[in-house]
Amino acid sequence: MTAHLLKAEIHCHIEGAAPPALAEAQARKYGADTSHILRDGAYKWSDFSEFLVCYDAVAALFRTAADYALLTESYLLELAAANTIYSEIIVSPDHGDRIGLGADAYLSGICDGIHAAREKTGIEARIIVTGERHFGPDRVISAARYAAKAKNPLVTGFNMAGEERMGRVADYARAFDIARDAGLGLTIHAGEVCGPFSVSDALDLVKPSRIGHGVRAIEDPALVERLAELGTVLEVCPGSNIALKVFSDFESHPLKPLKAAGVRVCLNSDDPPFFHTSLTREYEIASKEMGMPDAEIDAMTRTALEAAFVDEGTRSRLLSRFDAGAA
Ligand code: ADE
Ligand code: ZN
């Protein structure tokens with residue numbers, strides 16, 4: 001059992017955290033049809049492309065700042081109830097613009113949710129603004145500009161998610177330059193749907209301190225060595241990888257080999273209800289399916305806190321809280 005372990009995650013998409021029951025309630029509220037995205041209380045998709053379409057359709061059910069506050073607060077309360085002390089939420093202000101809510105209202109709803117959850121439970125959270133690759137370089141660059149100008153103390157990082165097979169990292173490098181110049185932490189989805197070249201491109205052109213997934217680096221031993229030498233943290237999401245068939249089962253999942261090779265790794269839930277998982281389940285997977293002892297799981301939680309996009313005062317408070325409560 002890992003219920004007693006203190007937890008942290010640094011990779012979860014806010015709309016991807018919407019439980020089907022909440023999505024259904026939102027659909028009722030707006031009179032929206034969900035038959036194409038929901039069946040028997042579960043999200044309906046069969047491959048990565050369909051997953052992205054389903055994700056965007058679920059996201060479209062959250063339409064006001066209050067909807068986003070509710071979604072964010074409920075997710076963080078669930079995490080806090082599972083002994084989670086820190087969470088980084090990936091958000092897309094560009095999505096807020098696309099649905100007519102506006103980026104500012106979208107973000108302020110999410111901030112309200114974070115404040116409410118912190119007030120009730122003490123959970124600490126930060127926001128990573130993401131650009132979505134399948135909407136093209138211009139949209140990703142405007143997401144970076146938005147994040148750079150936000151001057152919002154909760155916005156501390158920049159990411160790129162979406163269809164990894166669209167274009168090459170070079171097409172999007174400018175967005176990361178803008179975010180880096182603004183002092184934001186950098187992470188990028190790579191090595192999930194695409195192979196090691198995508199991770200190498202990210203290291204060469206973005207120089208992020210973290211990579212979302214990155215697990216397909218395992219196909220290139222020299223790249224694994226490079227990641228270990230650089231100390232790049234991989235935000236690993238085992239349940240997501242199995243659901244999306246990046247690997248066929250937990251036995252062939254590279255979390256343990258990467259860790260054994262000296263790569264810094266941590267556990268994350270990505271889009272939990274889409275992949276029939278939760279952060280608690282990811283910890284259970286590491287423990288039960290992969291046979292990792294509590295000390296190794298704690299080491300991954302520590303890595304998440306070390307790699308978190310927070311100021312150093314907050315980091316040392318989180319690490320002290322973690323060290324005081326670790327197994
Ligand atoms: N957006 C939401 N979840 C994602 C994932 N697993 N990969 C890429 N983009 C995403
Ligand atoms: Zn992700």
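Note that the coordinates shown come from a computational prediction; the quantities given were computed from them, not determined experimentally. In listed order, ligands and their atoms are each counted from 1. All values below were derived from every heavy atom in this structure, side-chain atoms included, with hydrogens, water molecules and symmetry-related copies excluded.
- Taking the charged nitrogens against the carboxylate oxygens, K256 and E296 have no contact shorter than 4.0 Å, which rules out a salt bridge.
- Ion pairing between D47 and K245 fails under the 4.0 Å rule for side-chain N and carboxylate O.
- Residue L61 forms a side-chain contact (heavy atoms from CB on, under 4.5 Å) with just one option from L22, I99, I37, L71, and that option is I37.
- Short contacts between ligand 1 and H213, defined as distances under 4.0 Å to a heavy atom of the residue, involve ligand atoms 6 (N).
- Under a cut-off of 6.0 angstrom, the local environment of CZ in R39 is sparse, with at most 12 non-hydrogen atoms contributed by other residues, nucleotides or ligands.
- The pair R28-E24 does not meet the salt-bridge criterion, since no charged nitrogen lies less than 4.0 angstrom from a carboxylate oxygen.
- Using cut-offs of 30° and 60° for the angle between ring planes, the F275 and W45 rings count as perpendicular.
- Note on H213: not counted as a metal contact of the Zn ion (ligand 2), no N/O/S atom lying under 2.8 Å.
- Ligand-side atoms of ligand 1 in range of F48: 7 (N), 8 (C), range being under 4.0 angstrom from any heavy atom.
- For the ligand labelled ligand 1, residue F51 lies inside the 4.0 Å heavy-atom shell.
- The angle H13:NE2 - the Zn ion (ligand 2) - D270:OD1 amounts to 90°, with values rounded to 10 degrees.
- Salt-bridge formation is detected for the pair E88/R210: a Lys NZ or Arg NE/NH1/NH2 atom is positioned less than 4.0 Å from an Asp or Glu carboxylate oxygen.
- The shell of residues lying under 4.0 angstrom from ligand 1, judged by heavy atoms, includes G162.
- Proximity annotation for atom 1 (N) of ligand 1: of E163, H189, H13, H11, H13 comes nearest, heavy atoms only.
- Residue L244 places no N or O, backbone or side chain, under 3.5 Å from any N or O of ligand 1.
- Evaluated for a side-chain hydrogen bond (donor to acceptor under 3.5 Å, both in side chains) with S269, the options R281, E9, E282 yield exactly one hit, E9.
- At a cut-off of 2.8 Å, C237 is not counted among the residues with an N, O or S atom near the Zn ion (ligand 2).
- Put simply, E192 stays out of reach of the Zn ion (ligand 2), with no N, O or S atom under 2.8 Å from it.
- Among the atoms of H189, an N, O or S atom is found under 2.8 Å from the Zn ion (ligand 2).
- In this structure, R302 forms no cation-pi arrangement with F322, as its terminal cationic atom is not both closer than 6.0 Å to the ring centre and no more than 45° off the ring axis.
- Looking at E192 against ligand 1, only its side chain comes within 4.0 Å, counting heavy atoms.
- Residue contacts with ligand 1 for E132 are absent, since no atom lies close enough (heavy atoms, distance under 4.0 Å).
- The D270 neighbourhood of ligand 1 comprises atoms 3 (N), 5 (C), 6 (N), with distances under 4.0 Å to a heavy atom of that residue.
- The N/O atoms of D271, backbone and side chain alike, include one that comes under 3.5 Å of an N/O atom in ligand 1.
- Between the side chains of Y106 and D94, no donor-acceptor pair of N or O atoms lies under 3.5 Å.
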